[in-house]
Every structure is written in C-alpha cells, then in structure tokens.
Protein chains: 2
Amino acid sequence: MKETDNREIFNRYGIKNTRQRNIIFNILKKADSPLTAEQIFLGCKKLDDSMSFSTVYRILNTFILKDMVVKTSITEDNKSMFELNYEEHKHYLVCVSCSKMITIGHCPIEDYENSLQKTTNFDITGHKLEVYGYCPQCKNKK
Amino acid sequence: MKETDNREIFNRYGIKNTRQRNIIFNILKKADSPLTAEQIFLGCKKLDDSMSFSTVYRILNTFILKDMVVKTSITEDNKSMFELNYEEHKHYLVCVSCSKMITIGHCPIEDYENSLQKTTNFDITGHKLEVYGYCPQCKNKK
DNA sequence: GTGAATGCAAAGAGTTTGCAAGGTT
DNA sequence: AACCTTGCAAACTCTTTGCATTCAC
C-alpha cells in the first residue's frame, strides 16, 4: 500500500482501508466501462494471488451500500456488472457481437423524465439506458 | 386444449402444439409487463400441477429462438424476465418500492439513435430503456 | 484489544442438461 | 413410426454465508 492509497476516500465513507479494497477500487477507477465480478477478480489475482472471490463480492456489496459503486445489471446471461458511481450521468453503447462498451456522453432523456413525471404522477428517480449495435470492427465481419 | 389454442401461431413458427406451450403462451399474452420464470411457472402450476420448471425454461428458450419472446434482463437480482416480442417498441416505468411496472408509450430515443449512428460509426440495432421512480401509491408512504 | 474484514468451503439462487417416458404429427 | 417434448433429478454458474483467522484502528 503506497502510491495508490485510497485511505481518505474510505475514511470519508466510514470503511476501513484494506489492501483488498484498494486493489478493487483501483481496478474500478481504471476501468472505462462496467466490469463483471469475474473480471474484477481476475484483475485482483494478478496483484494478489491470495484474493478470494467472496471477498470481491463482499467488497463490491460494501461499496454499493456506501453508494461508491453501482451495479448495472444488463447482460443477457444474468451476470452483474459494477462500476464507480460517477456523478455525471453515463450511458453505454454495447456491441452485440464483441461486447465492447463505449460511453455515450449526452443523456437524451432528462427532459423526457420531466414530462413523464407529469403524465404518470410517478416520482421519478432515475433511468437505465443502453443502446446496442455492431461496433465498426464487428459490422464489417458480418 | 380447447378455446385457447395457439396451434396456428405455433405452426407458423414451426413448433409443435403442446399443452404446456399453450399455457405459457397464454400467460404471456395476458401479462401486461415482463414476467420472471418463476411467475410464469406459478401461473402454469395453477392450470397444470404437473408442469415442471425445466419445461418452463425450455419453452421460453424455444420461444426466444423463434423470436416469439424477448428476454429483458434488468432486475437488480439477476433474474431474467420474459415477454412476448411485440412489434411496437415498449419501455417500462418501474416503481423502485413496489416493483409495479407500467408501460411507457412513446419512445424518446429513436431519433437519438440516428445521430448516435453517425457519431460512433456503430450499426445500431436497438436499445433498452427503463425509468425508475416511486409510483403514486408508494410515494405517499415515503 | 476490539470489532471489522478476509479466506476458505459449503450453501443458495437461478438456469441448463441428460435421460427415460410420453406426446404430436 | 419417427421425432420432438416433457418430467425428474442432477449439474452448472453466479452469488452469498458461516466460521475461524487475520487485520485495521
């Protein structure tokens, strides 16, 4: 534990600063799209061979409880995916062939939520949007 | 098998007309939002106590293969949900408290897909959108 | 030192599969 | 009759949990 120490962040959220939490937090920080628990576990293994799979899940659930991480369901095969809870609103464009995910900057439906709030009388708290397609590489292979 | 016989539909898709398929197809027809495999199984049990859970999954997968049904992932707890593959494009507004789902008629992002296609060079095939909030009943209990 | 976090193994969900028996065309 | 579908039980995958040990504060 040296250069990449997230102690201050963990303090702010009231959780202890452990080696395993640092590893996972750093993996999520580096990721540019949501990761499966398995991807995170494999990343951990490279840095600490003794890391256990249940620790990965437990830490992710702790992070979720503290709102540091969000679970974005969404694959066809019922695997959860995890990413840092960025303040900015993000959506992904997902390749249905190779599963590559790229970030969509602008959110097209914030305005829409307002009108929906009026018509449905729901108190709207958020939304999930994913767009699917073939990425430039895969569409040429079709 | 009498009044509610989907033989013609099954013929059209090239699959046999069985009692179990009729039961499941009718349950999906009546549903106004996606159902979990368990909900479907429980519905089946009421009409045919001998129905097996694996039959439910197998029939659902057959229907998916024939594009009669779509699997819409999406719950926080990694359960799949299933609904008929309606031609019209549908989205749901989901209550985060009681899980009630209501259908959103208009899709706000069809235009958006076109612009995204240009900027990303993806060949876009579809999208998934769910909006979350508290329904009128639940928001008063908060 | 005290309570919280970890590793391991085992248990739980949800879903799929092998096989023998039964149903559909 | 030939093939497809079903029921049952067992297997498989993803995730959670119990318990003893280790670690952070």
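Keep in mind that what you see is a predicted model, and the values were worked out from it rather than measured. Chain letters run A, B, ... following the sequence lines, proteins first and then strands; every chain starts at 1.
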Any N/O donor-acceptor pair, A/Ser80 side-chain to D/dC14 base, under 3.5 Å: no
Protein-nucleotide distance (A/Asp49, atom CG; C/dG7, atom C1'), rounded to Å: 12 Å
Heavy-atom check, side chain of B/Met68 versus side chain of B/Ile9, under 4.5 Å: yes
5' precedence on DNA chain C between B/Lys16 and A/Ile59 (nearest-nucleotide basis): A/Ile59
Separation of atom CD in A/Glu8 from atom P in D/dA24, rounded to whole Å: 18 Å
Whole-Å gap separating P (D/dT5) and CG (B/Leu60): 14 Å
Sugar-phosphate, base or nothing in reach of A/Arg58, heavy atoms under 4.0 Å: base
Side-chain N or O of B/Gln20 closer than 4.0 Å to phosphate OP1/OP2 of D/dG7: yes
Touch class at under 4.0 angstrom, heavy-atom based, for A/Thr62 against every strand present: nothing
side-chain N/O B/Arg7 vs C/dT25 OP1/OP2, d < 4.0 Å: yes
Whether B/Phe10 and B/Phe25 hold their rings parallel, tilted or perpendicular, with breakpoints at 30° and 60°: perpendicular
Geometric class of the B/Phe41/B/Phe53 ring pair [parallel <30°, tilted 30-60°, perpendicular >60°]: parallel
Of the listed nucleotides D/dA24, D/dT5, D/dG7, the one nearest the side chain of B/Thr18: D/dT5
For atom OH of A/Tyr57 and atom C1' of C/dA10, their distance in whole Å: 16 Å
Check: B/Asn26 side chain, B/Asn22 main-chain N or O, donor-acceptor pair, under 3.5 Å: yes
Side-chain N,O (A/Asn61) to OP1/OP2 (D/dT15) below 4.0 Å: no
B/Phe53 CZ to C/dA13 P, straight-line distance once rounded to whole Å: 13 Å
Side-chain N,O (B/Arg21) to OP1/OP2 (D/dT5) below 4.0 Å: yes
Pair B/Lys29, B/Asn6: side-chain N/O donor-acceptor within cut-off below 3.5 Å: yes
Contact nearer the 5' end of DNA chain D, comparing A/Ile15 with B/Met51: B/Met51
Nearest-nucleotide comparison on DNA chain C, the residue closer to the 5′ end among B/Asn11 and B/Ala37: B/Ala37
Any A/Ser50 side-chain nitrogen or oxygen under 4.0 Å from OP1 or OP2 of C/dG7: yes
Heavy-atom donor-acceptor pair, A/Ser54 side-chain to C/dC8 base, under 3.5 Å: yes
A/Asn85 side chain to A/Val70 backbone, donor-acceptor under 3.5 Å: no
A/Phe41 CZ to D/dC14 P, straight-line distance once rounded to whole Å: 13 Å
Nucleotide D/dT15, atom C1' - distance to NZ of B/Lys79 in whole Å: 14 Å
A/Leu65 CG - D/dT16 C1' separation (whole Å): 15 Å
